[in-house]
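Keep in mind it's a predicted model, so treat the numbers as computed, not measured. Below, chains carry the letters A, B, ... as their sequence lines are ordered, and counting in each starts from 1.
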There are 2 protein chains.
Amino acid sequence: MKPTIKDIAARSGVSIATVSRVLSQKTGTYSEKTQAKILRIAKELGYRKNTAAVELVKKRSAVLAVILNATPTNFSTGVIDGIQKRASELGQGVIILYAGNRDAQMLHKAIVTALERAVSGILLTAIEPDEADLTLLKDSGIPFCFVSLYLNQPQILSVSSNNESITSQAVDYLVEQGHTAIALAGIDGYHTGTQRIAGYEAGLRAHGITTSCIKYGDYSYESGRQLLQEFLPLKVTAIITASDMIAAGLLNAAQEAGIRVPEDLSLVSIDGTIICNITTPGLTSVTQDFYHIGSRSVDQVMGHDVETFVPVKIEERGSVKQLKK
Amino acid sequence: MKPTIKDIAARSGVSIATVSRVLSQKTGTYSEKTQAKILRIAKELGYRKNTAAVELVKKRSAVLAVILNATPTNFSTGVIDGIQKRASELGQGVIILYAGNRDAQMLHKAIVTALERAVSGILLTAIEPDEADLTLLKDSGIPFCFVSLYLNQPQILSVSSNNESITSQAVDYLVEQGHTAIALAGIDGYHTGTQRIAGYEAGLRAHGITTSCIKYGDYSYESGRQLLQEFLPLKVTAIITASDMIAAGLLNAAQEAGIRVPEDLSLVSIDGTIICNITTPGLTSVTQDFYHIGSRSVDQVMGHDVETFVPVKIEERGSVKQLKK
DNA sequence: TAAAGTATTGTAAACGTTTACGTAAAGTGC
DNA sequence: GCACTTTACGTAAACGTTTACAATACTTTA
């Protein structure tokens, strides 16, 4: 069946310890001649290490566990690309455990699965754990880091965009385009949403705007469509949306209702994924750098000294009208 | 540090074998009194099984490995939702290994990683392996199944939509709407693409249409945008696109070139993800049931008797014009 | 009551790999 | 040539859990 180091040792005429040292590349503990023989035989036999045996002995593996939340917004690919690349550079493998979308049970199971394996670190992407799971993580002794979430607790590692900066920059941009009746749409009441609300309100205050307007949602396209009804009686000229999906839903519902974008209503979308290019018109966005968020989170969980916040930028497309001043 | 069954045995006054039997729920091999005591102490100690030790001894785990290709088209979520749900119903965990997008090195590494772990099965989603990797999989003794790919080799398990049926239904639908100058766009030369070409051409023949028009691409939005140039000199009235992203790219490039959809050019998109709702106008699609593809692939790899093909359906939106006949 | 059957438990070995420590041989410096 | 250091290798034990088999205790049957 599956060849083991015992098989290699028997064919090489050396001990299993020597085979192990060669296969673990313990330089200086074997001769070149012995190494060549062992590597040749290992290849002939199609030998592969038994990961479970290694992890059992070493009580640690060179594997990062990524716990992945399926958000309505598709930014996972960028984050994962960043994680995979950086992990690979640091000699770490990556396994992904799926936690559904705000499914507490699946999340708990994913966390326990990660803890049951001797992973070197855990990255939780766009996931807000409850206190019990957070305690579990803290007590495990395994380093963990939140990705695209900032809990603002000093002992908890995270890498994300600065959510207050995201919305305050969006407000700045819209004010610059002449807008003063600015709303925030599709946000939720979790940490990310709360931070974005704070930035939105700080941005309004900084420009002396006293009227705020916040509509809650769940970041999804359908949520965006439904939110349009709530804006119809209001006098807002511009809306900052919590996600590209909210923006797309608002956009399409508005157009179906005869409201032209950007002529009658301007939109600035948070995230800046490819969705912003697909809509008609394209969506002006506060674009997050998901690739670097992912990449930097690997450095963070590996104990390297990195900045928590990854900068964002405004990307102009076609959804914001410049008002006469 | 981490409690082991030795700690539980010491506190319970029983042997480690008894602790193991209780924790493995070997019914009929322990008394209720002993069980209660062991479970209480395990909970007090915060005991968790060491997965590596279990896998080492059993040489098998109740875990499916999903090797995930990051396609330009975002259908992964549906597939994974289907896989996770069905696996959970069958008592299997799921770990996901990321293979990038047509990155042979990452794919090979993902496959080797899966083989190094005592997984119960491997699901390869939208992945076309080379011969060496396919041989590796076959020689491993671990069951594997292709998801959303059909290799048409009798010993190789797969679950997907019927790609010939997808394009022939699209042709049927467009002919029904009065179209006879029908193209196929964005397809590649791999298995899926080849099957869709066959269905497209069979569909044309069935309607006595002798002129075919096929433009290759890579399923991405950018590829779709670029393909428009190739269609400008042609007299096609309708295009079947290889993915929603190709459709969105063609759509937006056409509108920017003053070509109206559906008035001047009709589009039918293969996949039917949420992208089809986001574009303006919405894209008529041959919609695949990714959730059931994922779900059924779990049954397939677990050795249950299931149909290879999951039915597709035409979903009308706003991208096809009915021509006068 | 004795024998047979069943339930419960413990001992020992297995799983595949790593590594501390001991030993022998080779290399280096005085 | 001698003492010290380095290289190379082997032995034995460890890692945490499972399980076959043996032993013991309890229950049922004749």
For this session: Decide yes or no on side chain to side chain donor-acceptor pair (under 3.5 Å) for A:S220 and A:D218, but give the supporting numbers first.
Result: CA-CA 6 Å; A:S220 71; A:D218 72 357; 2.6 Å; yes
Seminar exercise, completed: Of the listed D:dA12, D:dG16, D:dT19, the closest approach to the B:N50 side chain comes from D:dG16
Problem set entry | Closest to side chain of B:V54, choosing from D:dT17, C:dT17, C:dT19 | D:dT17
Exercise. D:dC9, C:dT8, D:dG16: which one has an atom nearest the side-chain heavy atoms of A:R21?
Worked result: D:dC9
Problem set entry | Separation between CG of B:D299 and CZ of B:R86, rounded to the nearest 0.5 Å | 4.0 Å
Exercise. Reckon B:S24 has a side-chain N or O less than 4.0 Å from the OP1 or OP2 of D:dT18?
Worked result: yes
Problem set entry | N or O in side chain of A:T18 less than 4.0 angstrom from D:dG10 OP1/OP2 | yes
Problem set entry | Residue-phosphate contact under 4.0 Å: A:T34 side-chain N/O, D:dA8 OP1/OP2 | no
Problem set entry | N/O (side chain, B:T4) to phosphate O (OP1/OP2, D:dG16) under 4.0 Å | no
Problem set entry | A:K6 side chain, from C-beta outward: closest of C:dG10, C:dC15, D:dA8 | C:dC15
For this session: Step by step, work out the side chain to side chain donor-acceptor pair (under 3.5 Å) result for A:N162 and A:Y150.
Result: CA-CA 8 Å; A:N162 184 325; A:Y150 179 62; over 6 Å; no
Exercise. OP1 or OP2 of C:dT17 sitting under 4.0 Å from any side-chain N/O of A:K49?
Worked result: no
Problem set entry | Whichever of B:S15 and B:A53 has its nearest DNA chain C nucleotide further upstream toward 5' | B:S15
Problem set entry | Pairwise side-chain contact, B:L124 with B:V66, heavy-atom cut-off 4.5 Å (strictly under) | no
Exercise. Among C:dT19, D:dT19, C:dT17, which nucleotide sits nearest the side chain of B:A17?
Worked result: D:dT19
For this session: Would you mind classifying the nucleic acid contact of A:V19 as base, sugar-phosphate or nothing, using non-hydrogen atoms under 4.0 angstrom?
Result: nothing
Exercise. Among D:dC15, D:dT19, C:dT19, which is the nearest nucleotide to the side chain of B:S20?
Worked result: D:dT19
Exercise. Looking only at side-chain N and O atoms, does A:K58 come under 4.0 Å of OP1 or OP2 in D:dC15?
Worked result: no
Seminar exercise, completed: Of A:G28 and A:G13, the one whose nearest nucleotide on DNA chain D sits closer to the 5' end is A:G28
Exercise. Does A:Y30 put a side-chain nitrogen or oxygen below 4.0 Å from OP1 or OP2 of D:dG10?
Worked result: no
Problem set entry | Distance-only donor-acceptor test (3.5 Å): side chain B:R48, base D:dG16 | no
For this session: Using a cut-off of strictly less than 4.0 Å, decide whether B:T29 has a side-chain nitrogen or oxygen near OP1 or OP2 of C:dA7.
Result: no
Exercise. Hey, is the side chain of A:K59 poking within less than 4.0 Å of OP1 or OP2 on D:dG16, counting only N and O atoms?
Worked result: yes
